[in-house]
K.L.:
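Below are the structure tokens for one structure; questions will follow.
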2 protein chains.
Amino acid sequence: MAVNLDDVDWAIIRELQREARISLSELGRRVSLSPSATTERVRQLETTGVIAGYHAVVDLAKVGYPVLAVVRLKYPGNHHQPLRRLLAERREILECLRTTGDDCYTLKVAATSMEHLEKLMDELAGFGSTTTSVVYSQTLPYRGPERP
Amino acid sequence: MAVNLDDVDWAIIRELQREARISLSELGRRVSLSPSATTERVRQLETTGVIAGYHAVVDLAKVGYPVLAVVRLKYPGNHHQPLRRLLAERREILECLRTTGDDCYTLKVAATSMEHLEKLMDELAGFGSTTTSVVYSQTLPYRGPERP
DNA sequence: CCTGAAATACTTCAAAA
DNA sequence: TTTTGAAGTATTTCAGG
């Protein structure tokens, strides 16, 4: 499943994780590679799926979602289709991890207000017992993995 | 704290959340705005902090981190400095949310193996009692907020 | 916010090492 | 695989409206 990556690949990954909108020429400069070689490397990383995408990250509070919560969901049985449907519809659910342990799902949910969060929790409560924690703060800037 | 955003701003945010590496001209085409107006809008979104950054997202398994875990940390007292230091050093900790509730912190941790995860947990256990759930799968593609 | 023009930068390709 | 250099294209920026 893993892909062989050399120093240059990792340098490229590091730069693009930090600043995804630089040009391929600028990227080449930073990793000491010619523009054409850089282009080829990046294309390779993209087609092999090492790089899955490039995304702008927005400040949730500033776009109107001042409330962020982590929700753990105990989901008995294995009729997961209805939950999948909810995930597709409710775009306030930003992330959903299926995990081992008693709480089968861990969700990250953005809400415009506590009232909004309450409504979302009501929807989720239909699927199983939930545990909700409101997020005070994100204590780390965005980060990706480094070379192991 | 929130910023006033109109339809065009939201269209820009939507496009850049999906595909951060498109040019400003291409972005302008997609949101029906001239290149110069688009540039000005994006600059505004960046300087007001609405857009916090642009990041490549990598496939953790493909870069050598096949194990992902959610760790909840019960952290008694309020000597948070040592934890901050660990967060800065251990780059395997990709995310750290401080939350309400019994578990003060929720972490997302990437590991190269279960042995690696075990070592990380030993380090974290020094700070308080932990609850670890290994992630089977991420059930959603990357997503950001939409217009409320 | 648009247009248009000028300057710059970028991407792509072929050839060669 | 990478570099170089050239050609074509696209982008960015800025002034004027």
Side-chain angles (χ1 to χ4, degrees), chain A residues 1-59 62-64 142 144-148, chain B residues 1-65 112 142 144-148:
Chain A
M1 196 65 196
V3 176
N4 266 4
L5 303 171
D6 63 16
D7 302 279
V8 178
D9 290 319
W10 273 105
I12 288 172
I13 289 168
R14 172 168 41 80
E15 293 303 323
L16 289 178
Q17 282 186 318
R18 287 211 273 249
E19 232 184 315
R21 268 180 70 74
I22 59 176
S23 71
L24 292 172
S25 313
E26 171 60 20
L27 178 59
R29 256 168 253 134
R30 298 192 188 180
V31 305
S32 309
L33 217 61
S34 70
S36 45
T38 308
T39 305
E40 185 49 35
R41 291 273 193 153
V42 172
R43 197 191 332 259
Q44 191 68 8
L45 291 171
E46 289 168 354
T47 58
T48 55
V50 169
I51 293 177
Y54 306 95
H55 306 285
V57 170
V58 309
D59 184 310
K62 287 187 177 157
V63 299
Y142 182 90
E146 282 188 341
R147 184 162 205 181
Chain B
M1 197 66 195
V3 176
N4 265 4
L5 303 170
D6 65 14
D7 302 280
V8 178
D9 290 319
W10 273 106
I12 288 172
I13 289 168
R14 172 168 41 80
E15 293 302 324
L16 289 178
Q17 284 190 136
R18 285 211 274 249
E19 231 183 316
R21 270 178 69 75
I22 59 176
S23 71
L24 293 171
S25 314
E26 170 60 21
L27 178 58
R29 255 168 254 135
R30 297 192 188 180
V31 304
S32 308
L33 217 60
S34 72
S36 47
T38 308
T39 306
E40 185 48 34
R41 290 275 193 152
V42 171
R43 199 194 330 261
Q44 192 68 6
L45 291 171
E46 289 168 354
T47 58
T48 55
V50 170
I51 293 178
Y54 306 95
H55 306 285
V57 170
V58 308
D59 184 311
L60 288 172
K62 287 187 177 156
V63 299
Y65 292 92
T112 56
Y142 181 89
E146 280 187 341
R147 183 162 204 179

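Letters A, B, ... are given to chains in the order of the sequence lines, protein chains preceding strands, and every chain is numbered from 1. Just so we're clear, the structure is a prediction, and the values are computed from it rather than from any experiment.
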K.L.:
Using 4.0 Å as the upper bound for N to carboxylate O, is an ion pair formed by Glu19(B) and Arg30(B)?
P.N.:
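A salt bridge is present here (some side-chain N lies under 4.0 Å from a carboxylate O).
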
K.L.:
Quick one: closest heavy-atom pair of Ala56(B) and Tyr142(A), and the distance?
P.N.:
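Closest heavy-atom pair between Ala56(B) and Tyr142(A): O-OH, 3.7 Å.
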
K.L.:
Looking only at the side chain of Ser25(A) (C-beta and beyond, no hydrogens), which of the listed nucleotides dC10(C), dT3(D), dT3(C) gets closest?
P.N.:
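Selected nucleotide: dC10(C).
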
K.L.:
Please determine whether a side-chain nitrogen or oxygen atom of Arg29(B) lies at a distance below 4.0 Å from atom OP1 or OP2 of dT11(D).
P.N.:
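So the side chain of Arg29(B) is within the cut-off, an N or O lying under 4.0 Å from OP1 or OP2 of dT11(D).
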
K.L.:
Tell me, with the steps shown, if Leu5(A) and Leu45(A) meet side-chain contact (heavy atoms from CB on, under 4.5 Å).
P.N.:
CA-CA 9 Å; Leu5(A) 303 171; Leu45(A) 291 171; 3.8 Å; yes

K.L.:
Picking from dC1(C), dT12(C), dT11(D), which would you name as closest to the side chain of Arg41(B)?
P.N.:
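Shortest atom-to-atom distance from the side chain points to dC1(C).
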
K.L.:
Under 4.0 angstrom, heavy atoms only, what part of the nucleic acid is Ser34(B) near: base, sugar-phosphate, or nothing?
P.N.:
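Base, at least one base atom sits under 4.0 Å.
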
K.L.:
Could you state the CD-C1' distance from Glu26(B) to dT9(D), rounded to the nearest angstrom?
P.N.:
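Spelled out: CD on Glu26(B) to C1' on dT9(D) is 15 Å.
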
K.L.:
Starting at CG of Leu24(B) and ending at C1' of dT11(D), how long is that distance when rounded to a whole Å?
P.N.:
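For the pair Leu24(B) CG and dT11(D) C1', the rounded distance is 8 Å.
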
K.L.:
Between Glu40(B) and Arg43(B) (salt bridge meaning N to carboxylate O under 4.0 Å), is one present in this structure?
P.N.:
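Result for this pair is yes, salt bridge flagged.
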
K.L.:
Rounded off to whole Å, could you give me the CZ-to-P distance for the Arg21(A) and dC10(C) pair?
P.N.:
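Spelled out: CZ on Arg21(A) to P on dC10(C) is 13 Å.
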
K.L.:
Without decimals, in angstroms, what is the distance between Leu27(A) CG and dA9(C) P?
P.N.:
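Computing the Leu27(A):CG to dA9(C):P distance gives 17 Å.
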
K.L.:
Using atom CZ of Arg43(A) as one end and atom C1' of dC10(C) as the other, report the distance to the nearest whole Å.
P.N.:
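Checked: the CZ to C1' distance equals 14 Å.
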
K.L.:
Picking from dC2(C), dT3(D), dT12(D), which would you name as closest to the side chain of Ser36(B)?
P.N.:
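So the nucleotide nearest the side chain must be dC2(C).
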
K.L.:
Find the distance Glu40(B):CD to dC1(C):P and express it as a whole number of Å.
P.N.:
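Rounded to the whole Å, the gap is 9 Å.
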
K.L.:
For Ile22(B) and dT12(D), give me the distance from atom CD1 to atom P, rounded to whole Å.
P.N.:
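Interatomic distance, CD1 of Ile22(B) to P of dT12(D): 10 Å.
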
K.L.:
How close or far is atom C1' of dT3(C) from atom CG of Leu33(B), stated in whole angstroms?
P.N.:
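Leu33(B) atom CG is separated from dT3(C) atom C1' by 13 Å.
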
